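Being a predicted model, the structure only gives us computed values, none of them experimental. Only this structure's heavy atoms are used, side chains among them; waters, hydrogens and symmetry mates stay out. Below, chain A is the first sequence line, B the second, and so on; all start at residue 1.
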Amino acid sequence: MPELPEVETVRRGLEQHVTGRLVTDVSFGHPRAVRRQPGGRAEFRDRLRGRVLGIAGRRGKYLWIPLHAPGHDPRRGDDHDGSALVAHLGMSGQFRVGAPTDPAGGDPPHAGVGLHLADGTDLWFCDQRTFGWVCVDDLDGDGRPTAAGHVAPDPFEAGYDPDAVAHRLRRRRTEIKRALLDQTLVSGIGNIYADESLWRAQVHGRRRTDALTARQARSVLAAAQQVMAQAMAAGGTSFDALYVDVFGESGWFDRSLAVYGRAGEPCPRCGTPIRRESFMNRSSWFCPVCQSAPRRRKAETGPTTRPSAPGG
DNA sequence: CGGAGCTCCTGGGGGC
DNA sequence: TGCCCCCAGGAGCTCC
């Protein structure tokens with residue numbers, strides 16, 4: 001569920017509330033939380049202890065906090081030390097700022113790792129479904145972690161070129177929704193915003209990328225940027241307590257969703273009931289009138305229409 | 001090498 | 001009421 005707008009909401013919270021804080025110690029909860037760390041928990045703790053947290057960065061759904069030498073002030077522009085705390089929220093990962101929330105006074109629910117800060121507060125990474133992870137990784141010359149090296153620019157980066165992405169999109173030989181979910185083409189889009197973007201652009205998710213017009217490809221990408229910008233302004237999309245900001249507060253954008261999770265409800269554009277279909281072992285929601293489905297391929301319909309003719 | 005499918009995981013909710 | 005199964009899905013991995 002955390003897609004780009006939700007991750008950005010978390011990033012802003014981290015920037016506002018933990019920048020400049022010194023990490024005094026680290027504690028561990030669920031064993032799956034620390035991943036991609038060659039030296040495991042010991043290395044994770046060693047690389048964090050005594051570091052100062054910098055200004056959180058993000059690309060797509062990847063989030064990181066650059067680390068600084070003690071005494072350095074990231075707000076003053078002091079350089080990071082070439083490393084960062086990197087996180088992917090997966091399905092249900094959260095960062096929570098403040099004292100432990102468990103009434104018994106112990107670790108918060110679904111605790112993954114806890115960073116104990118010099119001012120007495122804690123920064124917890126919690127994750128119910130354990131698809132998320134954290135590690136301490138090196139930063140490259142552009143200030144991005146190597147763990148996110150394969151991830152394409154997201155639509156809100158200066159280096160994002162929508163025409164170039166539209167071109168690459170149309171050279172793919174797959175379906176448009178699959179391509180939108182591929183983080184190496186354009187990053188930050190997940191199932192919710194893929195469906196919302198396709199609805200806004202009036203393109204069916206099963207349309208072939210190599211059959212889209214340039215106008216359609218650009219339209220889908222523009223819709224993705226637009227819907228995610230609006231979601232960010234609303235603080236992200238929350239269906240339940242799984243996605244929340246650094247203080248556990250929900251966003252409001254779910255009230256603005258046109259199709260996602262709305263099977264049977266009227267399409268906001270034409271009134272036709274929204275349809276749900278199974279796709280890639282999950283769900284897609286779309287308007288069957290606004291988003292006309294592609295014709296089924298010959299191979300699926302069987303050899304009934306006409307006998308093969310020589311020469312073609 | 002690009003595309004497609006499998007798999008990791010847990011709690012909530014619906015059905016019986 | 002209680003149990004069981006389904007469902008949510010990001011992305012790395014493997015296979016073709």
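Rounded to whole angstrom, the span from the CZ atom of A:Arg129 across to the P atom of C:dC6 amounts to 17 Å. Look at CG on A:Asn191: it is 14 Å from P on C:dC7, rounded to the nearest Å. Distance CZ (A:Arg36) to P (C:dG10): 15 Å, rounded to an integer number of Å.
Taking the centre and axis of the six-membered ring of A:Phe125, the NZ or CZ atom of A:Arg96 falls outside the cone set by 45° and 6.0 Å. By the 6.0 Å and 45° rule, A:Arg36 stacks over the aromatic ring of A:Trp133.
When DNA chain B is scanned 5' to 3' for any atom under 4.0 Å from a heavy atom of chain A, the first and last hits are B:dG3 to B:dG11.
Salt-bridge check for A:Lys61 with A:Asp154: failed, with every basic side-chain N at 4.0 Å or more from each acidic carboxylate O. Look at A:Asp138 and A:Arg47 and you find a salt bridge, because one of the NZ, NE, NH1 or NH2 atoms lies within 4.0 Å of a carboxylate O, short of that distance. Salt bridge annotation for A:Arg59-A:Glu157: present, with a cationic side-chain nitrogen under 4.0 angstrom from a carboxylate oxygen.
Residues from residues 174-187 of chain A that place a heavy atom under 4.0 Å from any atom of DNA chain B, listed by number: A:Thr174, A:Arg178.
Phosphate proximity of C:dA8 to A:Arg276: present, with a side-chain N or O under 4.0 Å from OP1 or OP2. A close approach under 4.0 Å does not occur between any side-chain nitrogen or oxygen of A:Ser283 and OP1 or OP2 of C:dC7.
Place A:Arg282 and A:Arg173 on DNA chain B by their nearest nucleotides, and A:Arg173 ends up nearer the 5' end.
Listed by chain and residue number, nothing satisfies the side chain to side chain donor-acceptor pair (under 3.5 Å) test with A:Glu277 (two or more places apart in sequence, or in another chain). Contacts of A:Arg35 classified as side chain to side chain donor-acceptor pair (under 3.5 Å), with partners at least two apart in sequence or in another chain: none.
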Just list the side-chain donor-acceptor pairs under 3.5 Å for residues 267-274 of chain A, sequence neighbours left out, or say none.
from	atom 1	to	atom 2	distance (Å)
A:Arg269	NH1	A:Trp199	O	3.4
A:Arg269	NH2	A:Trp199	O	2.8

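Recorded end-axis angle for the helix from B:dG2-C:dC16 to B:dC16-C:dG2 stands at 50°, based on five pairs per end and rounded to 10 degrees.
In the hydrophobic clustering of this structure, A:Leu180 groups with A:Leu185; members are Ile, Leu, Val, Met, Phe, Trp, Tyr whose side-chain heavy atoms approach within less than 4.5 Å, directly or through other members.
Using a 4.0 Å heavy-atom distance criterion, A:Tyr62 is classed as a sugar-phosphate-only contact.
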